[in-house]
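Report on one structure; see the data block that follows.
For reference, positions follow the sequence shown, starting with 1. One-based numbering, in listed order, for ligands and for the atoms of each.
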Amino acid sequence: MKKYFRILALVSLLVPMALQAQKTEKVINVIPYPQSVEIGKGTFKGAGANFNCDLEIDSRSAALIRQLADKITFVSGRTNSFATPVGLRRSLDTKKAKGFFFLNDSSLGAEEYSIEITPKNCVVKASAYNGFLYAIQTLKQLTDPAIFSDRINPNQKFLFPCVSIKDKPRFAYRGMHLDCARHFFSVEEVKKYLDIMAVYKLNQFHWHLTEDQGWRIEIKKYPKLTEVGAFRNGTMVGKDFNSNDGVRYGGYYTQEQLKEVVAYAASLGITVIPEIDLPGHMLGALAAYPELGCTGGPYEVWTRWGISDQVLCPGKEAMFTFLEDVFTELMEIFPSEYIHIGGDECPKTEWEKCPDCQARIKALGIKADDKHTAEQYLQSYVTARVQKFLNDHGRKIIGWDEILEGELAPGATVMSWRGVKGGVQASALGFDVIMTPNTYCYFDYYQSEDKEKEPLAIGGNLPIEKVYGYEPFDGLDASQQKHILGVQANLWTEYIATPEYLEYMLLPRMAALSEIQWCKSSDKNFDRFASSMKAESFKIYDILGYNYRKF
Ligand code: ACM
Ligand code: ZN
């Protein structure tokens with residue numbers, strides 16, 4: 001009995017000590033949190049330190065490293081000389097060498113990196129551009145947020161904590177979407193959006209470019225898409241679906257501008273995936289070319305939000321020629337492996353009445369069954385034709401989860417948005433999946449229950465804690481998990497008309513998203529995340545001029 005009490009006493013002593021140790025465990029303020037972190041003692045002074053860059057590093061990565069050297073030089077006023085000595089790796093004695101050392105390590109994956117910081121030096125290893133990029137993003141969050149600033153500060157030492165980091169992402173696809181169709185955002189605004197994505201190591205920008213409310217890309221063969229389809233005669237006011245502010249609204253990107261965004265994103269390690277949403281959400285195109293619809297119009301670029309019954313007509317061969325022409329120009333602009341073809345929210349009411357659609361159904365021998373209507377199978381036919389065209393040109397399709405309704409050809413990737421259901425179903429059928437469930441990843445939803453205090457939003461409630469808590473493998477067995485390429489959040493802009501409001505809806509929820517995308521679920525910790533947000537990320541937003549919601 002005595003022994004029992006002694007053990008009990010020891011346990012009651014040790015448990016609080018362990019809890020205390022957990023609480024005071026040192027962490028670094030880096031988001032997304034790296035996979036392996038060992039914190040040492042002391043700091044390394046970045047201001048004035050030499051930058052040394054292995055000759056085996058490619059010129060793009062070297063330019064990136066030089067930018068970091070130039071930044072430290074500029075802000076601190078202390079010169080950081082940049083060198084590329086021959087045979088650096090063989091002669092480097094990391095115990096003695098002083099300064100920054102960037103080394104090529106071909107044993108690391110393309111998005112992997114390591115950082116070793118001692119009071120003498122900072123040694124970074126990666127094998128490819130994105131690895132160096134992510135190492136640099138981590139370094140920037142390890143030191144003073146002034147690293148993001150353009151303000152000269154001669155007192156700035158740029159101290160880096162001594163730490164050993166080994167890091168790589170959990171998911172290959174780490175996306176953020178932006179709807180530039182409901183509201184139009186300038187090239188500069190899109191670049192600013194990409195800049196903050198890069199801070200959190202996101203690597204896919206899903207750009208929603210066509211809608212009922214506006215067509216936003218220049219297509220040379222179809223000039224009316226932008227002359228007519230890019231502008232609407234007003235916009236509904238607030239949630240009054242019968243209203244119109246009477247202010248003509250619109251805009252589009254020229255092909256040169258789109259290429260500029262693609263190149264800019266690439267410099268940030270981000271691939272741009274364009275979306276042409278079809279066969280629904282097409283009033284922008286129909287207003288310009290009414291012959292592409294079932295009734296022949298007339299159509300108008302929509303001035304209200306919602307789902308229009310007026311959609312493309314798959315009974316007309318000219319509609320497919322149109323799509324192939326559009327995708328041909330699109331592929332010249334966007335080199336991405338994936339092209340998003342939409343597929344969501346396509347009402348079938350016009351197809352049910354349209355003689356051309358019904359003739360197509362008959363000619364194809366499509367029959368309704370107990371699972372789907374003939375018109376749903378007709379949408380599968382549209383998806384399959386566009387998919388084949390893009391596959392023949394070396395591209396793969398992504399579609400919203402409605403593309404599962406009917407039949408889906410192998411090789412398509414499904415974006416699960418109506419909750420996780422589509423992702424569960426598609427992965428069980430062997431399709432690759434990107435999880436973007438509205439329940440966790442719709443950043444057009446409110447950020448608080450207290451909606452009166454928030455700007456007008458589409459609805460829902462998605463506070464940052466809920467975003468952070470999303471686990472993409474929930475409900476999936478091992479064979480399904482292999483098909484989850486990654487996670488993305490979507491930012492639809494019906495009610496978001498200004499860059500300030502856009503940033504407010506994006507930040508800081510995108511930071512929470514980045515930990516779902518990058519971190520192992522066992523490394524996630526909301527308290528650590530929240531305290532790092534306050535210590536580092538909010539300062540970065542302030543310096544870079546982003547509007548954000550505090551929590
Ligand atoms: C969607 O939110 N309609 C994909
Ligand atoms: Zn039709």
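- Taking the six-membered ring for Trp and the full ring otherwise, the centers of Tyr289 and Tyr222 sit less than 6.0 Å from each other.
- Using a 4.0 Å cut-off between charged nitrogen and carboxylate oxygen, Glu211 and Arg232 do not count as a salt-bridge pair.
- The pair Glu515-Lys524 does not meet the salt-bridge criterion, since no charged nitrogen lies less than 4.0 angstrom from a carboxylate oxygen.
- In this structure, Glu111 does not pair ionically with Lys168, as no charged nitrogen and carboxylate oxygen lie closer than 4.0 Å.
- Between Glu332 and Lys259 there is no salt bridge, since no side-chain nitrogen of the basic residue lies less than 4.0 Å from a carboxylate oxygen of the acidic one.
- The pair Glu317-Arg385 counts as a salt bridge, with a side-chain nitrogen and a carboxylate oxygen less than 4.0 angstrom apart.
- At a heavy-atom cutoff of 4.0 Å, ligand 1 is contacted by the side chain of Glu345 but not by its backbone.
- Shortest contact from atom 2 (O) of ligand 1 to any protein heavy atom: Tyr442 OH, 2.6 Å.
- Close contacts of ligand 1 with Trp492, meaning ligand atoms under 4.0 Å from a residue heavy atom, involve 1 (C), 2 (O), 4 (C).
- Proximity to Trp417 (heavy-atom distance under 4.0 Å) selects the following atoms of ligand 1: 1 (C), 2 (O), 3 (N), 4 (C).
- With waters left out, the protein N, O or S atoms under 2.8 Å from the Zn ion (ligand 2) add up to 4.
- With respect to Arg360 and Asp356, no salt bridge is recorded, no charged nitrogen being found less than 4.0 Å from a carboxylate O.
- Scanning the protein heavy atoms around atom 3 (N) of ligand 1, the nearest turns out to be Asp344 OD2, 2.7 Å.
- Of the possible polar contacts, one joining the Lys348 side chain to the Cys346 backbone as a donor-acceptor pair under 3.5 Å is found.
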